[in-house]
There are 2 protein chains.
Amino acid sequence: MYSAPCPSRAALDRIADKWTALIVGQLACGTRRFGELRDEIEGISEKMLTQTLRSLERDGLVSREVHPVVPPRVEYRLTELGLTLDGPLAAVREWAEQHINEVEQARLRYDAGA
Amino acid sequence: MYSAPCPSRAALDRIADKWTALIVGQLACGTRRFGELRDEIEGISEKMLTQTLRSLERDGLVSREVHPVVPPRVEYRLTELGLTLDGPLAAVREWAEQHINEVEQARLRYDAGA
DNA sequence: CTGTATCCTGTAGGATACTG
DNA sequence: CAGTATCCTACAGGATACAG
């Protein structure tokens, strides 16, 4: 069921990195420029932002539009495929918001008992 | 919105590791013993299985039941809180299964053009 | 402004061996 | 059977500097 070469494993690995869900979440709200993403996603380095965006572009989840002006203006948006991913990820984000308190309480209880 | 100390960021980081979604997915199908999980989740090491299970237990998502028999029998199952997480994660798994082909095609196109 | 290039570090995570 | 303990390495990812 969860054999290593299984497609769902591959796709899961694709999503389960530190920044993908965050970037997709921001782009789900609308088109973003490079600097906007960098500012909105606190703590991300330019390197990881670039790297993750390229990776998302490669996988057909994000499209990159370069406007040939100076200063350069590059806009990122979710593709149709990327939009289909935001639904599931939004569900996870929503779960996180709704249940993080219970998780933290459980953690305190566990640490107290140990 | 996505500030670093934001609760959803913390919870997202919790879920976005290599094994959590897989283990929760298996436990969603029912109670599992340590060895069953190790065999069903191909490629996981005993170290990471133990480590992730402990972490899930600490966060109140999984309960651990030790049967005092020889040989030892330890059963893991999702808690009520853990069950609420499986819904969102199932959505992501389902997305993965449905769209991995499109992702792989996009990848081929991208690599060809570059 | 939107990146690349380079260097460097921490740590996730694998391999192996051992124990109650 | 269900883990711990130990060791080790690859790579995620940060910092900094620079370029078109």
When the distance from [atom1] of [X] to [atom2] of [N] is rounded to whole Å, what number comes out?
X	N	atom1	atom2	result
B:Gln51	C:dG13	CD	P	8 Å
B:Met48	D:dA5	CE	P	16 Å
B:Leu37	D:dA2	CG	P	10 Å
B:Glu65	D:dA2	CD	P	13 Å
B:Asp13	D:dG13	CG	C1'	13 Å
A:Glu36	C:dT2	CD	C1'	13 Å
A:Glu46	D:dC18	CD	P	15 Å
B:Glu42	C:dG14	CD	P	13 Å

Between [options], which one does the side chain of [X] approach most closely?
X	options	value
A:Phe34	C:dG3, D:dG14, D:dC1	C:dG3
B:Lys18	C:dC1, C:dG14, D:dT4	C:dG14
A:Arg64	D:dG14, C:dA17, C:dG3	C:dG3
A:Tyr76	D:dG13, D:dT4, C:dG3	C:dG3

When A:Tyr76 is tested against each of A:Arg33, A:Arg32, A:Arg64 for side chain to side chain donor-acceptor pair (under 3.5 Å), which residue passes?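 With A:Tyr76 as partner, A:Arg33, A:Arg32, A:Arg64 yield a single side chain to side chain donor-acceptor pair (under 3.5 Å), made by A:Arg64.
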
When you measure from the side-chain N and O atoms of [X] to the phosphate of [N], is any distance below 4.0 Å, counting only OP1 and OP2?
X	N	answer
B:Arg32	D:dA2	no
B:Arg54	D:dG3	yes
B:Arg38	D:dA2	no
A:Arg33	C:dC1	no
B:Lys47	D:dA2	no

Could you tell me if the side chain of B:Arg77 sits less than 4.5 Å from the side chain of B:Leu27, heavy atoms only?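 A side-chain contact is absent here, since even the closest heavy-atom pair is not under 4.5 Å.
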
Given DNA chain D, 5'-ward residue of the pair B:Val74 and A:Ser45, judged by closest heavy atom: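 Looking at the nearest nucleotide for each, B:Val74 comes out on the 5' side.
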
Rounded to the nearest 0.5 Å, what separates atom CD1 in B:Ile100 from atom CD in B:Gln105?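 Here the interatomic distance stands at 10.5 Å.
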
Residue pair A:Leu81 / A:Gly60: nearest heavy atoms and the distance that separates them: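 Smallest heavy-atom distance, with atoms named: CB-O, 3.7 Å.
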
May I ask you to check whether over 12 heavy atoms, not counting those of A:Glu65, lie within 6.0 Å of atom CD?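 Result for CD/A:Glu65: enclosed.
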
